[in-house]
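Encoded as structure tokens, the structure appears first; notes follow it.
Quick caveat: nothing in here was measured; it's all calculated off a predicted structure. Chain identifiers are assigned alphabetically (A, B, ...) following the order of the sequence lines, protein sequences preceding nucleic acid strands; residue numbering begins at 1 within each chain.
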Number of protein chains: 2
Amino acid sequence: MFSKACEYAIRATIYIAVQSNQDNRVGLKDISKEIDSPEAFTAKILQQLSKNNIINSIKGPNGGFEIDKKDMSKINLSQIVMAIDGDTIYKGCGLGFKQCSEKQPCPVHDKFKVVRDELKHMLETTNVLELSVGLKKGLTFLHR
Amino acid sequence: MFSKACEYAIRATIYIAVQSNQDNRVGLKDISKEIDSPEAFTAKILQQLSKNNIINSIKGPNGGFEIDKKDMSKINLSQIVMAIDGDTIYKGCGLGFKQCSEKQPCPVHDKFKVVRDELKHMLETTNVLELSVGLKKGLTFLHR
DNA sequence: ATAATAAAAGATAAATTTGTCTTTTATTTT
DNA sequence: AAAATAAAAGACAAATTTATCTTTTATTAT
């Protein structure tokens with residue numbers, strides 16, 4: 001559904017949120033271990049998240065990544081997906097036609113629209129705070 | 001959402017269905033031109049569709065591809081997606097975890113399940129006949 | 001039977017995504 | 001100020017997906 005990069009981005013953001021909620025700043029090594037992702041690749045993804053103001057990065061000793069507590073409920077999955085994968089998941093035609101539109105719809109246009117709208121709504125209404133709470137409570141998991 | 005291969009597979013199947021409904025057997029060249037796809041790559045995809053009994057292929061002069069009229073309402077999008085992309089779209093975890101399950105869910109498990117079930121239902125209930133009818137009627141389009 | 005046609009099969013090649021390694025920059029501690 | 005730390009940036013490499021080209025096989029028409 002999403003790219004690997006996007007999957008790691010969501011995992012990382014949730015993990016950073018859990019830690020930030022406990023006032024723990026976390027480093028790359030810790031993150032990639034906890035979310036079970038390749039370290040160097042994860043570094044690149046964290047850079048993108050930082051550039052898109054989804055997470056904060058701090059260099060130097062005791063540096064790492066964190067999310068402002070007050071922002072957590074405002075960061076939703078949609079923002080993360082948009083930052084990493086762009087808007088293809090929303091805009092793109094189900095059959096890959098660039099010219100597909102309401103006026104000139106592909107054969108699956110309407111059928112896909114229903115699913116896509118549902119996905120969009122889900123991504124826009126799911127925030128990082130709620131996801132981190134489930135994880136913190138031990139109801140959900142980020143690794144094997 | 002789907003791979004390019006899968007997009008071409010769906011396009012091709014719908015186009016072949018429209019033609020088969022008018023008792024026209026169609027060749028690779030015609031198909032790839034009509035659905036705006038790379039010819040050689042499309043050939044590979046048609047082979048897979050044929051192996052999965054979604055379309056019939058006939059070699060030699062006046063050969064080509066066709067779909068039995070009686071099968072058209074039985075072929076749904078789910079079968080095409082399964083034949084080309086496998087069951088990852090159904091089984092796969094939204095965050096890419098192999099161990100993700102109801103018992104050990106990832107943070108987005110339940111949220112994704114709703115969307116995935118909707119997608120699955122749509123793919124399983126949309127058949128090639130209805131899609132080809134819309135195209136035939138000029139309500140939908142397969143190229144620019 | 002032979003030639004022509006069209007898909008199947010196999011071998012490659014290009015493009016993209018995923019992943020790694022090295023050097024640079026910013027920050028903190030000593 | 002110097003050393004240590006940790007992320008940023010850049011160059012590279014591996015893997016996967018997408019796409020192409022050539023040869024083989026099956027079928028039909030002459």
Side-chain angles (χ1 to χ4, degrees), chain A residues 1-13 15-16 19-20 24-33 35-67 81 83-86 88-89 92 95-96, chain B residues 1-13 15-16 19-20 24-33 35-67 81 83-86 88-89 92 95-96:
Chain A
M1 182 153 276
F2 302 126
S3 67
K4 274 284 157 202
C6 195
E7 288 177 3
Y8 297 149
I10 296 171
R11 295 187 200 179
T13 304
Y15 177 65
I16 296 168
Q19 294 301 313
S20 291
N24 293 330
R25 189 179 285 167
V26 283
L28 169 64
K29 216 158 238 162
D30 184 17
I31 294 168
S32 68
K33 199 161 89 182
I35 71 172
D36 195 28
S37 67
E39 195 177 311
F41 190 39
T42 305
K44 296 293 184 190
I45 293 159
L46 294 174
Q47 283 172 35
Q48 288 190 73
L49 290 174
S50 174
K51 275 176 195 159
N52 282 274
N53 301 309
I54 290 167
I55 61 176
N56 301 121
S57 91
I58 300 96
K59 283 183 173 181
N62 299 313
F65 301 89
E66 61 185 25
I67 298 174
V81 173
I84 306 297
D85 283 351
T88 47
I89 207 152
L95 297 186
Chain B
M1 185 152 274
F2 302 127
S3 67
K4 273 283 157 201
C6 196
E7 289 176 3
Y8 298 149
I10 296 171
R11 295 187 200 178
T13 305
Y15 177 66
I16 295 167
Q19 295 302 314
S20 291
N24 292 330
R25 188 179 285 170
V26 283
L28 169 63
K29 216 158 239 163
D30 184 18
I31 294 168
S32 67
K33 198 162 86 181
I35 69 172
D36 194 30
S37 66
E39 194 176 313
F41 190 42
T42 304
K44 295 296 185 190
I45 294 160
L46 293 174
Q47 281 173 37
Q48 286 190 73
L49 290 174
S50 174
K51 276 176 194 158
N52 282 274
N53 301 309
I54 290 167
I55 62 177
N56 301 122
S57 90
I58 301 95
K59 284 182 173 181
N62 299 315
F65 301 90
E66 61 184 27
I67 299 174
V81 173
I84 307 296
D85 283 351
T88 48
I89 206 151
L95 297 185

Atom CG of N24(A) and atom P of dA6(D) are separated, to the nearest Å, by 15 Å
Give a yes/no answer on whether the side chain of Y8(B) brings an N or O atom under 4.0 Å of OP1 or OP2 in dT18(D).
no
Residues T42(A) and P38(A): closest non-hydrogen pair is OG1-O, 2.5 Å
Quickly work out the I31(B) CD1 to dA7(C) C1' distance and round it to whole Å.
11 Å
Can you tell me if the side-chain N/O atoms of S57(B) get under 4.0 Å from OP1 or OP2 in dA6(C)?
no
Close approaches to DNA chain C from residues 38-55 of chain A, in residue order (heavy atom, under 4.0 Å):
P38(A), A40(A), F41(A), K44(A)
Taking the side chain from R25(B) and the backbone from N62(B), do they hold a donor-acceptor pair closer than 3.5 Å?
yes
Checking only heavy atoms, does the side chain of K4(B) share a donor-acceptor pair with the base of dT17(D) at less than 3.5 Å?
no
Flag, side chain of N56(B) to backbone of S50(B), donor-acceptor distance under 3.5 Å
no
Determine: side-chain N/O of N62(A) to OP1/OP2 of dT5(D), distance under 4.0 Å, yes or no.
no
Of the options dT18(D), dT28(D), dA4(D), whose atoms approach the side-chain atoms of A5(B) most closely?
dT18(D)
Go through dA7(C), dT18(D), dG19(C) for me and flag the one nearest to the S3(B) side chain.
dT18(D)
Report yes or no: does D85(A) contribute a side-chain atom to a donor-acceptor pair with the main-chain N or O of S3(A) at less than 3.5 Å?
yes
When rounded to whole Å, the CG to C1' distance for the pair D30(B) and dA7(C) reads 15 Å
Without swapping roles, check the side chain of N52(B) against the backbone of Q48(B) for a donor-acceptor pair under 3.5 Å.
yes
Would you check if D36(A) and R11(A) make a side-chain contact, meaning some heavy-atom pair closer than 4.5 Å?
yes
What is the distance, rounded to the nearest whole Å, between atom NZ of K59(A) and atom C1' of dT27(C)?
9 Å
Rounded to whole Å, the CZ-C1' distance (F2(B) to dT17(D)) equals 17 Å
Could you state the atom-to-atom distance from NZ of K33(B) to P of dA6(C) in whole Å?
13 Å
Integer-rounded Å distance: dT17(D) P and M1(B) CE
18 Å
Tightest non-hydrogen contact, residues V26(B) and Q19(B), listed as CG1-CG, 3.5 Å
Spacing of I58(B) atom CD1 relative to dA29(D) atom P, expressed in whole Å:
13 Å
